[in-house]
Amino acid sequence: SSGGDLHAITASKMFKVKLADVSKTQRSQAKAINFGLAYGMGAAALADRIGVDKAAAEKLIEQYFKAYPEVAGWLTRAADEANRLGYSKTPLGRRRYYMLPLRSDPEYSAKVSSIQRQGKNTPIQGANADMTKLALRFIYDQLSGYNARIVNTVHDEIVVEVAADQADAVTRIVADEMRRAGREFITDVPVEVGVTTADTWSK
């Protein structure tokens, strides 16, 4: 709850080493799992991503779930709910519906697996989208009176064009309002925001 490097902390828990002793390889593997689980990534995909064999990837995923057993439970429930209800929900209640296959469908297992992956992914990605939408509203309201406007959003980034002499003030507004939006959903850990001011936007 005091902040820190999520991927290094995950690696520390997975590999049972002190945070200061986490290697670059261990952090990289933990990062791949942290992000990959949100997409329902399995051992084969993880193995391909980090350059290990499938058995080693399975072992890494096993270590991850031992470190975070509640994550495994949540992912299983999200996957099962998607198939049971035929939809997934974001924190704000937006629904993503699925075409549930008939048991007689020759591709039944593959379609169920696909819905399970989407069922895990949608609440996670949807939470990010909900936070970003709320932040856009908050920022828009606070920009009244400034020579500034929202011009783009990319995933969890919000791009604001502003007059140079107001850039510092608007930078603070953007950061504050994004944190405010995050706190609507995340209360147990700090919500951090990275802000960059530049003449042009680049990914």
Side-chain angles (χ1 to χ4, degrees), residues 3-7 9-11 14 27-50 57 60-61 64-65 67-101 110-140 150-160 174-175 177-196 201-203:
D5 181 333
L6 170 64
H7 306 309
I9 292 167
T10 298
M14 280 177 62
R27 184 187 181 280
S28 177
Q29 290 174 339
K31 180 178 179 180
I33 296 173
N34 275 333
F35 285 128
L37 288 177
Y39 296 94
M41 181 178 65
L46 176 63
D48 187 55
R49 179 172 293 188
I50 64 176
L60 288 170
I61 291 172
Y64 180 93
F65 285 136
Y68 297 103
E70 56 285 332
V71 173
W74 184 89
L75 288 169
T76 299
R77 287 192 301 275
D80 290 346
E81 253 187 23
N83 271 296
R84 182 170 53 82
L85 299 176
Y87 63 83
S88 298
K89 286 198 304 185
T90 74
L92 286 181
R94 292 182 300 116
R95 292 185 180 188
R96 177 181 184 175
Y97 287 93
Y98 308 109
M99 289 288 292
L100 298 177
K111 289 180 179 178
V112 165
S113 293
S114 176
I115 292 170
Q116 287 175 331
R117 283 193 299 275
Q118 293 172 74
K120 296 171 187 177
N121 174 258
T122 296
I124 298 169
Q125 296 283 80
N128 171 61
D130 285 353
M131 280 187 261
T132 303
K133 286 174 174 60
L134 206 55
L136 285 166
R137 177 76 253 176
F138 291 164
I139 292 167
Y140 179 85
I150 298 167
V151 296
N152 200 6
T153 178
V154 182
H155 302 302
D156 58 355
E157 295 182 24
I158 297 173
V159 183
V160 177
V174 169
E177 297 308 312
M178 288 185 79
R179 287 191 195 97
R180 177 183 164 203
R183 286 193 299 268
E184 294 284 324
F185 303 90
I186 301 170
T187 56
D188 292 340
V189 295
V191 177
E192 295 298 335
V193 176
V195 183
T196 302
W201 175 80
S202 63
K203 191 74 176 118

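The basis for the numbers below is simple: all heavy atoms, side chains too, and nothing from hydrogens, waters or symmetry mates.
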State, with a plain yes or no, whether a side-chain heavy atom of [X] is found less than 4.5 Å away from one of [Y].
X: S88; Y: N121; result: no
X: V154; Y: W201; result: yes
X: I186; Y: M131; result: yes

Can you name the side chain to side chain contact (heavy atoms under 4.5 Å, CB included) partners of [X], sequence neighbours left out?
X: I150; result: L136, I139, Y140, L143, I158, V160
X: A57; result: A43, L46, A47, V52
X: V71; result: Y64, F65, Y68, L75
X: S114; result: R117, Q118

Heavy-atom closest contact ([X] atom, [Y] atom, distance):
X: T132; Y: H155; value: OG1-O, 3.6 Å
X: M41; Y: A45; value: CG-CB, 3.4 Å
X: G86; Y: L100; value: CA-CD1, 3.8 Å
X: G119; Y: A82; value: CA-CB, 3.7 Å
X: G182; Y: V191; value: C-CG2, 3.8 Å
X: G126; Y: P91; value: C-CD, 4.2 Å

(request) Please list, chain by chain and in numerical order, all residues satisfying side chain to side chain donor-acceptor pair (under 3.5 Å) with R49, sequence neighbours excluded. (result) none

(request) Tell me, please, which residues at least two apart from T90 pass side chain to side chain donor-acceptor pair (under 3.5 Å). (result) D130

Check salt bridge (charged side-chain N to carboxylate O under 4.0 Å, His left out) between [X] and all other residues, then give those that pass, not counting sequence neighbours.
X: R27; value: D5
X: R179; value: D176
X: K111; value: D105

(request) Output, in order, the C-alpha distance, side-chain angles, deciding distance and verdict of side-chain contact (heavy atoms from CB on, under 4.5 Å) for F185 and L92. (result) CA-CA 9 Å; F185 303 90; L92 286 181; 3.8 Å; yes

Nearest 0.5 Å, what's the [atom1]-[atom2] distance between [X] and [Y]?
X: K133; Y: R94; atom1: NZ; atom2: CZ; result: 4.5 Å
X: I115; Y: M99; atom1: CD1; atom2: CE; result: 9.0 Å
X: H7; Y: N34; atom1: NE2; atom2: CG; result: 5.5 Å

(request) Would you please name every residue forming a ring-ring contact (aromatic ring centres under 6.0 Å, His included) with Y87, sequence neighbours left out? (result)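 Partners of Y87 by the ring-ring contact (aromatic ring centres under 6.0 Å, His included) criterion, ordered by chain and then number, come out as Y97.
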
(message) Could you go through L6 and T10, starting from their C-alpha distance and side-chain angles, then the distance that decides it, and tell me whether this counts as side-chain contact (heavy atoms from CB on, under 4.5 Å)?
(response) CA-CA 6 Å; L6 170 64; T10 298; 3.9 Å; yes

(message) Strictly by side chain to side chain donor-acceptor pair (under 3.5 Å), give each pair with a member in residues 73-82 just once, sequence neighbours left out.
(response) none

